[in-house]
Amino acid sequence: CKPLHVDLAVLIDWSSLRLGDFHRVTDALLSLVSHLDIGPEKSRVSVVSFGHRIYMDESFNLTAYASNVDLTAAIRRLQWDTVREADTAMAIRFLQDYQLPVQLARPNIKRIGLVITDGNSKKFDQTQLAVRTALDSGIDLMSVAVGNSANYVEIFTIAGWERQRVFRLDNVPWFFYKL
């Protein structure tokens with residue numbers, strides 16, 4: 001079986017996460033990346049934390065880590081914080097412009113954005129527009145619903161209304177099989 005190579009950008013909505021959810025998110029990410037072969041010519045992963053802004057101190061880009069060991073250590077170093085609101089549109093635009101820009105796309109490598117959120121962004125109309133623009137640029141968006149009050153209209157909007165691209169936090173490890 002040929003190994004899967006992807007460019008995966010993960011957006012984590014800090015406004016959605018309680019401490020227990022944060023640990024479940026990092027555990028799910030660790031499980032997910034254990035299925036990928038990380039390297040410059042293999043799979044690459046970025047993580048972007050956001051709320052009302054991008055939290056660069058809790059983020060890293062696709063080229064930051066070139067091995068599974070280093071990437072796993074970086075995910076374990078992520079720190080939980082509380083944030084009141086999310087600007088999901090801003091985060092998706094950041095993903096498209098800086099994490100998975102079309103000019104840095106590698107031939108025959110999928111560009112996947114995985115948005116972990118409760119779907120309660122502060123500007124839903126702008127989120128819809130950012131999603132459409134990202135999808136039109138060739139990024140495959142998937143979403144992970146977090147919390148009991150998840151807004152599934154926004155969760156499905158992020159995933160382009162494709163049910164197979166929507167997950168709950170409990171089944172994130174199954175995400176690997178949808179790539």
List the residues meeting salt bridge (Lys or Arg N to Asp or Glu O under 4.0 Å) with [X], not counting sequence neighbours, and say none if there are none.
X	value
R24	D21, D170
R44	D7
D136	R132
D70	none

At what distance, to the nearest 0.5 angstrom, does [atom1] of [X] lie from [atom2] of [Y]?
X	Y	atom1	atom2	answer
I116	W14	CD1	CH2	9.5 Å
R106	L62	CZ	CG	8.0 Å
I109	L8	CD1	CG	12.5 Å

Does any N or O in the side chain of S59 come within less than 3.5 Å of the main-chain N or O of Y55, such that one atom is a donor and the other an acceptor?
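Yes, S59 side chain to Y55 backbone: donor-acceptor pair under 3.5 Å.
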Can I get a per-line list of side-chain donor-acceptor pairs under 3.5 Å for residues 144-151, giving both atom names and the distance, sequence neighbours left out?
| residue | atom | partner | partner atom | Å |
| --- | --- | --- | --- | --- |
| N151 | OD1 | V153 | N | 3.0 |
| N151 | OD1 | E154 | N | 3.3 |
| N151 | ND2 | G119 | O | 3.3 |

Counterpart residues, ring pair (Phe, Tyr, Trp, His ring centres under 6.0 Å), relative to Y98 (two or more places apart)
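For Y98, the residues satisfying ring pair (Phe, Tyr, Trp, His ring centres under 6.0 Å) (neighbours in sequence not counted) are F94.
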Measure across K122 and H52 and return the closest heavy-atom pair with its distance rounded to 0.1 Å.
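What the structure gives for the nearest pair is NZ-CB, 4.4 Å.
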Going by heavy atoms in the side chains, are I92 and V131 under 4.5 Å from each other?
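Yes, at least one pair of side-chain atoms sits under 4.5 Å.
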